[in-house]
Amino acid sequence: MDEVATILRQAAAEAILPRYRKLLAGDVEEKTPGEVVTVADREAEQIISPRLAALLPGSRVGEEAVASNPSLMDGLDEGQVWLVDPLDGTANFVAGSSAFSVMVALLQDGRTVASWLLDPVSGQLSVASRGNGAFIDGLRVRASAASLTASECRGSVLTRFLPEELKEQVAVGSPALAEVLPGAKCAGVDYPSIIRGSQNFLMFWRLLPWVGGSSGMGSSCRSHKRRRGFATDGTRYRRDCANRR
């Protein structure tokens with residue numbers, strides 16, 4: 001766990017923080033329509049991926065590499081696989097916001113066994129491993145055991161990729177909640193906020209493997225507590241179906 005954390009800190013120090021609020025016009029390009037990638041993303045990945053490979057044999061998937069080569073998504077459920085998002089929240093980073101993160105998850109036969117989330121600006125490190133719980137800056141954290149009604153819940157609903165009919169459902173159902181937040185638009189920021197209790201839920205439509213894998217932090221905290229989920233139409237949430245989106 002410590003060796004991976006050291007790698008993430010090195011990538012942040014060498015590739016990300018030197019360009020924070022100092023990006024040049026040529027440092028930013030469009031990755032896919034409406035989404036950007038920066039030289040910081042690419043250089044951080046170049047630091048992280050080979051060093052992770054040296055720790056354990058297995059594949060590793062970087063967000064930018066998958067964008068240009070979707071075949072790298074194949075085989076994520078076979079053997080030991082590193083999922084790497086070298087700079088989650090790139091749009092925030094480009095805008096000068098501090099809401100960005102470096103994220104890594106380790107899968108064993110498709111199951112998340114460990115995850116790391118580093119906030120480069122504050123230095124906050126959130127880590128979790130299956131069976132051992134979750135920690136933020138070395139202190140064990142646990143999700144609240146309180147059972148909340150919908151009217152007591154506040155959380156983030158990210159609607160950018162939602163189909164229009166589901167946006168309408170969200171608009172109709174939102175008044176039943178205590179508060180609907182816009183979210184940080186960075187999973188590495190939003191996940192720890194759930195564990196700390198500043199919000200109770202997150203809603204994503206498009207959850208990509210390198211983002212979903214890193215949610216292992218929340219899974220480790222929740223593994224000993226019962227949680228319920230619901231789809232946007234009010235039916236019970238089924239994890240196996242949700243993971244196919």
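Rounding to the nearest 0.5 angstrom, the gap separating the CZ atom in Arg130 from the OG atom in Ser115 is 10.0 Å. With rounding to the nearest 0.5 Å, the separation of OG in Ser98 from CG in Asp119 is 7.0 Å. Distance CG/Leu107 to OG1/Thr112: 5.0 Å, rounded to 0.5 Å. Distance check, rounded to the nearest 0.5 Å: CZ of Arg196 to OG of Ser126 gives 7.0 Å. Rounding to the nearest 0.5 Å gives a distance of 11.5 Å between CG of Leu162 and CD of Glu168. The structure places CE of Met203 at 9.0 Å from CG of Leu158, a figure rounded to the nearest 0.5 Å.
Val4 has its side chain out of reach of Asp2: every pair of non-hydrogen atoms, C-beta onward, lies at least 4.5 Å apart. Between Leu106 and Val104, every side-chain heavy-atom pair lies at or beyond the 4.5 Å cut-off. Using a 4.5 Å heavy-atom cutoff, the side chains of Asn200 and Leu148 are in contact. Inter-residue side-chain proximity for Asn132 and Met1 is flagged as unmet; no heavy-atom pair is nearer than 4.5 Å. When side chains are defined from C-beta on, Leu202 counts as touching Tyr191, because their heavy atoms get closer than 4.5 Å. Glu43 has its side chain within reach of Arg19: a pair of non-hydrogen atoms, C-beta onward, lies under 4.5 Å apart. When side chains are defined from C-beta on, Val36 does not count as touching Lys31, because their heavy atoms never get closer than 4.5 Å. In this structure, Phe100 and Asp88 have side chains that are not in contact, with every pair of non-hydrogen atoms separated by 4.5 Å or more.
Checked by atom type and distance alone, the side chain of Arg9 pairs as donor or acceptor with a backbone atom of Gly123 at under 3.5 Å. One N or O on the side chain of Asn92 and one on the backbone of Ala184 form a donor-acceptor pair closer than 3.5 Å. Judged by distance alone, the side chain of Arg140 and the main-chain N or O of Phe135 form no donor-acceptor pair under 3.5 Å. Side-chain atoms of Arg154 never come within 3.5 Å of backbone atoms of Val180 as a donor-acceptor pair (strictly under, hydrogens ignored).
Few gaps surround CZ on Arg160; more than 12 heavy atoms of other groups in view lie less than 6.0 Å from it.
Heavy-atom minimum distance, Gly183 versus Ser156: CA-OG, 3.1 Å. Contact detail for Val170 and Val157: the closest heavy-atom pair is CG1-CG1, 3.8 Å. Considering every non-hydrogen atom in both Ala171 and Pro175, the closest pair reads O-CD, 3.4 Å. Across all their heavy atoms, Pro120 and Ser101 have their closest contact at CD-CA, 4.0 Å. Closest approach of Ala44 and Ala11 over heavy atoms only: O-CB, 4.1 Å. When all heavy atoms of Ala15 and Ala40 are compared, the closest pair comes out as O-CB, 3.5 Å.
With hydrogens and angles left out, the side-chain atoms of Asp41 and Thr90 include a donor and acceptor closer than 3.5 Å. For the 3.5 Å distance criterion, the side chains of Asp190 and Gln199 qualify, holding a donor opposite an acceptor. In summary, the side chains of Thr6 and Glu3 do not present any donor paired with an acceptor at a separation below 3.5 Å, with no hydrogens or angles considered. Side-chain contact check for Arg51 and Gln10: at least one donor-acceptor pair (N or O, by modelled atom type) lies under 3.5 Å.
Val102 and Leu125 end up in the same hydrophobic cluster when Ile, Leu, Val, Met, Phe, Trp and Tyr side chains are linked at under 4.5 Å. Ile194 and Leu181 fall into different hydrophobic clusters, where Ile, Leu, Val, Met, Phe, Trp and Tyr are joined by side-chain heavy atoms under 4.5 Å apart, directly or via other members. Following chains of ILVMFWY side-chain contacts shorter than 4.5 Å, one can reach Ile48 starting from Tyr20, so the two form part of one hydrophobic cluster. By the criterion of side-chain heavy atoms lying less than 4.5 angstrom apart, applied directly or through intervening Ile, Leu, Val, Met, Phe, Trp or Tyr residues, Leu55 is not grouped with Ile47; the two fall into different hydrophobic clusters. When the side chains of ILVMFWY residues are joined at heavy-atom separations under 4.5 Å, either directly or via intervening members, Leu8 and Leu52 end up in a single hydrophobic cluster.
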Show the numbers, then the answer: is there a side-chain contact (heavy atoms from CB on, under 4.5 Å) between Val127 and Ile136? CA-CA 7 Å; Val127 300; Ile136 297 179; over 6 Å; no
Using side-chain contact (heavy atoms from CB on, under 4.5 Å), reason through Leu83 and Val81 one step at a time and then give a plain yes or no. CA-CA 6 Å; Leu83 296 181; Val81 179; 4.3 Å; yes
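Aromatic ring orientation, Trp82 versus Trp116: tilted (interplanar angle from 30° to 60°).
Residues Arg42 and Glu45 are not paired through a salt bridge, judged by the lack of any N-O separation under 4.0 Å between the basic side chain and the carboxylate.
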